[in-house]
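Shown next, in structure tokens, is the structure this report addresses.
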Amino acid sequence: MIEELAFIGQIAVKSSIAVLLATLGEIIAERSGVLNLGVEGMMLTGALAGAAVGVATGNPVAATVAAALAGGLLALVHGFFSISLRVNQVLSGLALTILGLGLTSFLGRPLIGTRPGVRLAPWPIPGLAEIPLIGDIFFRQSVLAYLAYILVPLCWVLLYRTRTGLKIRAAGEDAAAVDAAGINVFRLRYLCTLAGGLGAGLAGAYLSLAYTPGWKESMTGGQGWVAIAMVIFAGWNPLKAVIGAFLFGGLTALQFYFQAIGIELIPAYILRMLPYVLTIAVMVLVNTGGGRRRGASPAALGVAFNREG
Amino acid sequence: MAWRIEKRAAGHGAAPWWTLPASFAMALAVGALIFALLGHNPVAAYGAMARGAVGSFYHFSEVLVRAIPLMLTGLAVALAATMLLWNIGCEGQLVWGGIAAAGVGLFVAPHLPEVLVLPAVILAGAAGGALWALIPAVLKAYLAVNEILSSLLLNYIAIIFMEHLYFGPWRNPEGFGFPGTAQIDEVARLPHWGATRVHLGLGLALVLALLLFGALRRTPWGYRVRVIGHNPQAARYAGFRLRRHVIGVMLLSGALAGLAGMAEVSGIHFRLQQGLAVGYGYDGIIVAWLARLNPLAVPFTALLLGALIVGGEQLQSSLHLPSSISMVLEAVLLFGLLLSEALARYRLVRRASAQPLRRQGEPTPP
């Protein structure tokens with residue numbers, strides 16, 4: 001029983017890291033007032049960049065950095081369109097997702113079927129990994145998972161305990177007031193959008209270097225969209241992002257579990273649908289669970305700031 | 001004489017005519033850059049794409065074949081967006097339209113008189129898409145759940161269900177393991193034009209574009225939809241029932257996308273199989289916005305995207321470059337449109353005498 005729990009828990013955490021990293025990034029971006037629906041595209045681009053640099057160099061650090069930068073680069077495109085040109089942010093984000101899907105499919109063709117250059121194997125943390133159950137579930141993961149563990153409190157501290165965080169949150173609520181206080185809203189929003197891209201890129205790196213090493217077309221399978229939904233579920237709070245990501249990972253883990261024990265208790269196709277159904281369900285839950293959390297949405301989310309008024 | 005850049009007055013009429021050609025030029029330029037970076041001659045690549053799209057009557061008929069589902073999903077997105085609703089779930093609605101059409105064609109058709117089979121297949125397609133769109137519609141209208149995310153996530157669910165059907169219970173028992181259902185009967189298929197693959201869905205899509213244009217511009221319902229799209233607050237004060245309109249518009253939008261799936265099943269594949277969900281639902285977003293949400297412009301932008309897709313496939317067969325270049329070009333087209341619309345907020349003005357640049361609203365010096 002304990003062994004099974006450890007098995008499911010470990011896969012659940014393993015399956016939640018990509019969504020978690022992308023959710024954290026998108027929270028920072030949205031808190032500053034920029035809605036970026038291009039997460040799926042940035043994540044895919046990060047996954048491809050990570051896999052490609054991995055094959056070329058065999059260096060895990062280079063591959064991870066390349067993935068994050070690739071996501072960041074795409075985020076800057078969205079930043080240019082939504083912050084500088086002040087176009088419709090939904091359309092710009094959708095265009096970014098289509099661009100990411102197309103570019104990775106086009107450029108990734110030669111990588112399909114090649115041996116992955118980098119595999120981030122589980123790295124048990126000495127000491128912590130020996131804790132019964134907890135150690136198995138949380139501390140026998142890959143390095144990128146530990147990075148995600150650290151980023152959760154860091155993002156929270158950044159947003160709620162620093163001056164920069166105050167500026168970010170204020171920019172998402174009332175950009176004109178922040179501007180009047182002498183703070184550069186454009187720079188702030190660009191940096192937060194970039195942070196969102198880095199998070200999505202890292203999420204992609206996790207998929208193509210650690211979760212299922214190697215490049216597969218459309219390997220994100222909608223996790224970028226799940227992440228955007230989980231931002232709402234988390235009420236734009238990095239600490240609560242953990243819950244949404246873990247729920248998603250948990251349902252993904254159930255598929256593996258039933259496959260592993262070979263019992264078809266629930267039909268396989270229902271199991272495959274569950275993570276998506278859950279994501280819709282949590283959005284419903286947020287909106288029916290009282291108006292408190294609904295008010296958490298940044299007031300200026302998706303609204304471009306125009307100095308000329 | 002001096003040139004200066006001046007801001008256009010807000011809401012200054014329609015965007016200028018050059019935005020679409022400018023977007024197209026930008027897409028071509030970015031595409032050329034990608035080809036060049038990969039060591040291919042852009043002229044040769046575009047030449048292959050152009051030959052693939054309009055090189056012969058047959059090739060052009062293939063563009064028409066792709067334009068049919070693109071028109072329908074384009075109309076679906078345009079209708080919803082006219083009322084500020086984002087239907088990103090056309091792909092799933094298309095899939096459900098295909099499932100319903102195939103289901104009726106396979107299992108109900110044998111019990112129907114022959115003349116009723118095709119109408120039943122068409123109606124089933126529309127109903128399948130509409131019902132799938134009802135989910136995000138109800139969630140939006142009654143629980144304020146973001147329809148972008150809900151409709152999009154439903155795409156994945158629809159595709160998984162369709163795969164389950166043709167890999168599992170609906171799989172053709174005489175298909176030698178081929179993942180797909182049996183073929184629907186001749187009577188359940190849309191008639192074809194000559195020897196091409198162009199089918200009656202083209203006429204259907206064009207008629208629907210006209211009808212939708214008429215309904216939006218000439219009926220009280222269309223007026224209300226446009227008012228809600230322009231100013232939801234005013235619409236609320238005017239007493240328009242917003243929920244009812246959200247649900248009605250999403251049902252219609254889903255029906256249009258469902259018809260696209262029906263047309264693919266009943267006009268092209270004749271069965272449910274891999275290759276039904278190839279992204280026409282997402283392409284519809286680009287078709288609709290390139291057409292500026294005008295139903296009468298949708299057939300033309302659908303043709304443009306159809307040509308891109310067929311050209312991309314030609315590139316794959318003649319130069320062995322992945323056909324997904326067409327998707328990259330689509331995305332750049334959309335970015336190009338956004339860029340030109342942003343630029344259109346300003347205009348170049350020629351002045352007889354040079355004047356110092358002034359920011360709008362600054363007081364003029366005495």
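By convention in this document, chain letters (A, B, ...) are assigned in the order of the sequence lines, proteins followed by strands, and residues within each chain are numbered from 1. The model shown is predicted, which means the values in this text are computed figures rather than measured ones.
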Under 4.5 Å from any heavy atom of chain A, what part of [X] do you find: side chain, backbone, both or neither?
| X | result |
| --- | --- |
| B/Phe161 | both |
| B/Ile148 | side chain |
| B/Leu38 | side chain |
| B/Ile286 | side chain |

Which residue out of [options] racks up the most heavy-atom pairs below 4.5 Å with chain B?
| options | answer |
| --- | --- |
| A/Ser92, A/Ala229, A/Ala95 | A/Ala95 |
| A/Gly222, A/Pro267, A/Ser84 | A/Gly222 |
| A/Thr97, A/Leu107, A/Val284, A/Thr104 | A/Val284 |
| A/Ile98, A/Val226, A/Thr279 | A/Ile98 |
| A/Leu91, A/Ile280, A/Leu99 | A/Leu91 |

[X] portion near chain B, given a 4.5 angstrom heavy-atom threshold:
| X | answer |
| --- | --- |
| A/Arg109 | side chain |
| A/Leu96 | both |
| A/Val277 | both |
| A/Glu40 | side chain |
| A/Ile270 | neither |

Any idea how B/His164 and A/Tyr269 line up, ring-wise: parallel (<30°), tilted (30 to 60°), or perpendicular (>60°)?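 Parallel: the ring planes of B/His164 and A/Tyr269 meet at under 30°.
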For chain A, which candidate among B/Leu149, B/Leu139, B/Leu334, B/Ile88 shows the most heavy-atom pairs at distances under 4.5 Å?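 Among the listed options, the one with the most contacts to chain A is B/Leu149.
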Looking only at heavy atoms and a cut-off of under 4.5 Å, which of B/Val328, B/Val145, B/Leu152 has the most pairs with chain A?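 Option with the greatest count: B/Leu152.
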Kindly indicate whether the side chain of [X], heavy atoms from C-beta on, has any atom under 4.5 Å from the side chain of [Y].
| X | Y | answer |
| --- | --- | --- |
| A/Leu85 | B/Leu338 | no |
| A/Val77 | B/Phe335 | yes |
| B/Ile34 | A/Phe106 | yes |

To the nearest 0.5 Å, what is the distance between [atom1] ([X]) and [atom2] ([Y])?
| X | Y | atom1 | atom2 | answer |
| --- | --- | --- | --- | --- |
| B/Ile160 | A/Arg272 | CD1 | CZ | 4.5 Å |
| A/Trp225 | B/Leu153 | CH2 | CG | 9.0 Å |
| B/Lys140 | A/Asn287 | NZ | CG | 10.0 Å |

Over all heavy atoms of both residues, which pair between B/Ser324 and A/Ser105 is shortest? Give the atoms and the distance, please.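 Where B/Ser324 meets A/Ser105 most closely, the heavy atoms are OG-OG, 2.7 Å.
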A/Tyr276 vs B/Leu154, side chain to side chain contact (heavy atoms under 4.5 Å, CB included): CA-CA, chis, key distance, verdict: CA-CA 7 Å; A/Tyr276 305 107; B/Leu154 284 164; over 6 Å; no
Under the criterion side chain to side chain contact (heavy atoms under 4.5 Å, CB included), I'd like the reasoning laid out for B/Ser150 against A/Met283: C-alpha separation, chi angles, the key distance, then a yes or no. CA-CA 8 Å; B/Ser150 62; A/Met283 286 197 296; 4.3 Å; yes
Other residues, nucleotides, ligands: >12 heavy atoms within 6.0 Å of B/Phe24 CZ: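 Open: at most 12 neighbouring heavy atoms sit under 6.0 Å from CZ of B/Phe24.
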